[in-house]
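Worksheet: the structure to be examined is printed underneath.
Note that the numbering runs from 1 along the sequence shown for the chain. Keep in mind the model is a prediction, meaning the values are calculated, not measured.
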Amino acid sequence: MHRWCHSPHLPRIAHTSPPPPSHNGAGGGPSPDYGGRVSRENWEAWLGTGLRVALIVVIALVLRAVVRRSISRLIKRMHRDDKRRTGGRSGGSLLASPERRIQRAAAIGSVLRSAASVLVLGTAALMILSQLEIELGPLIASAGFLGVAIGFGARNLVTDVLSGMFMLLEDQYGVGDRIDAGEATGTVVEIGLRVTTLRGENGELWYVRNGEIKRVANLSQGWATAQLDIEVRADADYEQVRKLITGAGEELRTAGTPWDELVWEPLEVLGLESVTLDSMVVKVRARTMPGKAVTVERELRRRIKQTLDEAGIAQVDPAGVTLEKLRAAPGATLRNTEG
């Protein structure tokens with residue numbers, strides 16, 4: 001055995017420890033335990049993320065159902081309160097009738113349910129993206145730019161939707177109302193956030209964009225007015241004519257169904273609208289149910305004519321007076337006119 005001596009002229013041999021033995025007998029590479037541990041950790045992470053996503057989805061669906069059900073129950077409770085308060089009667093004004101409030105509450109309830117669904121599901125979608133470790137900052141920024149672009153390109157759509165929402169909230173009109181929307185006149189068939197559908201007098205169906213309705217006249221709210229101009233001879237007794245017209249209006253008002261429901265107030269004689277040498281015009285009006293003014297005018301005109309005829313007071317018009325004057329003129333003048 002040789003003894004090695006440390007000499008400054010000889011290189012020193014470094015003492016290194018041998019590498020730890022490999023368990024796979026190949027002398028290198030990761031051990032099976034390390035790969036299994038990494039795979040197990042990945043599966044646990046994926047499983048945890050999946051469970052959290054599933055929990056978010058379940059909570060969002062349950063919350064959406066609870067909110068929608070709460071809104072529906074609130075609308076039904078409002079309906080019951082209205083019926084209990086009014087005893088099921090519609091009252092004298094459609095503005096205060098329970099049917100009118102029911103229509104408005106149902107429309108607003110539909111909008112609230114849709115808004116609640118969008119809010120809950122949108123929040124749940126953002127939470128799911130966060131659990132999937134997707135950066136929300138760039139996504140929200142992109143959505144903002146996209147929203148601005150869509151806003152410029154679809155500003156008419158935004159105007160229509162906002163106008164529809166304010167129309168519902170302000171109760172400007174409802175389904176079944178007869179309105180004059182400027183471009184079209186008819187009965188409201190359907191109210192949407194973007195389009196209002198009207199049924200015209202001849203059966204045509206109008207689709208009017210809410211943003212295009214600059215002014216609207218509701219012909220079904222409150223009450224309507226039936227107005228008539230009764231023209232009689234200038235030599236007729238005005239007081240007698242006034243009493244006869246008032247009596248005809250009272251008979252119509254107390255005639256029973258349906259006139260007792262259509263005519264809400266006694267007939268009012270406003271006075272002389274105009275007076276000429278040959279005739280005088282008596283103006284009368286009556287307050288009626290909305291949308292029934294024309295029907296009341298026709299029946300009132302018939303009854304007034306019948307009453308005046310029975311009293312021997314004839315109604316005239318400018319054309320009839322002119323014809324009578326021509327007949328009273330010399331025969332040559334009448335023949336020349338007829339020729």
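Distance check, rounded to the nearest 0.5 Å: CG of Leu267 to CD of Glu251 gives 11.5 Å. For the atom pair Trp206 CH2 and Thr187 OG1, the distance stands at 14.0 Å (nearest 0.5 Å). Here OH of Tyr207 is found 10.5 Å from CG of Leu198. Values are rounded to the nearest 0.5 Å. Atom CD1 of Ile230 and atom CG of Leu272 lie 12.5 Å apart (nearest 0.5 Å). Separating the CG atom in Leu74 from the CG atom in Leu112 is a distance of 9.0 Å, to the nearest 0.5 Å. We find the OG1-CD1 distance between Thr307 and Ile313 to be 10.0 Å, quoted to the nearest 0.5 Å.
Judged as a side-chain hydrogen bond (donor to acceptor under 3.5 Å, both in side chains), and not counting sequence neighbours, the contacts of Ser72 are Arg113.
Clustering ILVMFWY residues whenever any of their side-chain heavy atoms sit less than 4.5 angstrom apart, transitively, puts Val232 in the very cluster that holds Val269. Each of Val161 and Val195 belongs to its own hydrophobic cluster when Ile, Leu, Val, Met, Phe, Trp and Tyr are linked at side-chain heavy-atom distances under 4.5 angstrom. Under the 4.5 Å side-chain heavy-atom criterion for grouping Ile, Leu, Val, Met, Phe, Trp and Tyr, Leu129 is not connected to Val58 through any hydrophobic cluster. Put simply, Val208 and Val189 are part of two different groups of oily side chains (I, L, V, M, F, W, Y) that touch within less than 4.5 Å, one to the next. Cluster annotation: Val62 and Val67 are assigned to distinct hydrophobic clusters (Ile/Leu/Val/Met/Phe/Trp/Tyr, side-chain heavy-atom contacts under 4.5 Å, transitive).
Residue Tyr238 comes nearest to Gly271 through the heavy atom pair OH-CA, 3.5 Å, listed as atom of the first residue, atom of the second, then distance. Met167 and Tyr173 make their closest contact through SD-OH, 2.9 Å (heavy atoms, listed as atom of the first residue, atom of the second, distance). Across Gln172 and Phe166, no two heavy atoms sit closer than the pair NE2-O, 4.4 Å. Trp259 and Leu252 get closest at one heavy-atom pair: CB-O, 3.3 Å. Between Leu244 and Ala311 the shortest heavy-atom distance is CD1-CB, 3.5 Å. Scanning all heavy atoms of the two residues, the minimum distance from Ala224 to Ala293 falls at CB-CB, 4.0 Å.
For CZ of Arg302, the number of neighbouring non-hydrogen atoms (other residues, nucleotides, ligands) closer than 6.0 Å is greater than 12. Heavy atoms of other residues, nucleotides or ligands lying less than 6.0 angstrom from CG of Leu132 number more than 12. Crowding of Glu239 atom CD: a count of heavy atoms from other residues, nucleotides or ligands under 6.0 Å exceeding 12.
Using a cut-off of 4.0 Å between Lys/Arg side-chain N and Asp/Glu carboxylate O, Arg285 and Glu265 are scored as not salt-bridged. Contact check on Glu299 versus Arg303 returns a salt bridge, with a Lys/Arg side-chain nitrogen under 4.0 Å from an Asp/Glu carboxylate oxygen.
When side chains are defined from C-beta on, Leu205 counts as touching Arg199, because their heavy atoms get closer than 4.5 Å. When side chains are defined from C-beta on, Val282 does not count as touching Arg242, because their heavy atoms never get closer than 4.5 Å.
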Donor-acceptor pairs under 3.5 angstrom involving side-chain atoms of residues 47-57: please list them, not counting sequence neighbours.
from: Thr49; atom 1: OG1; to: Ala45; atom 2: O; distance (Å): 2.9
from: Thr49; atom 1: OG1; to: Arg52; atom 2: NH2; distance (Å): 3.4
from: Arg52; atom 1: NE; to: Gln131; atom 2: OE1; distance (Å): 2.7

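Side-chain N/O atoms of Ser117 and Ser114 include no donor and acceptor closer than 3.5 Å.
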Check against side-chain contact (heavy atoms from CB on, under 4.5 Å), Leu262 and Thr288: CA-CA 5 Å; Leu262 299 183; Thr288 69; 5.6 Å; no

Verdict with reasoning, Asp180 to Arg215, per side-chain contact (heavy atoms from CB on, under 4.5 Å): CA-CA 8 Å; Asp180 180 4; Arg215 55 88 178 166; 3.5 Å; yes

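Distance alone, capped at 3.5 Å, places no donor-acceptor pair between the Asn218 side chain and the Ile179 backbone.
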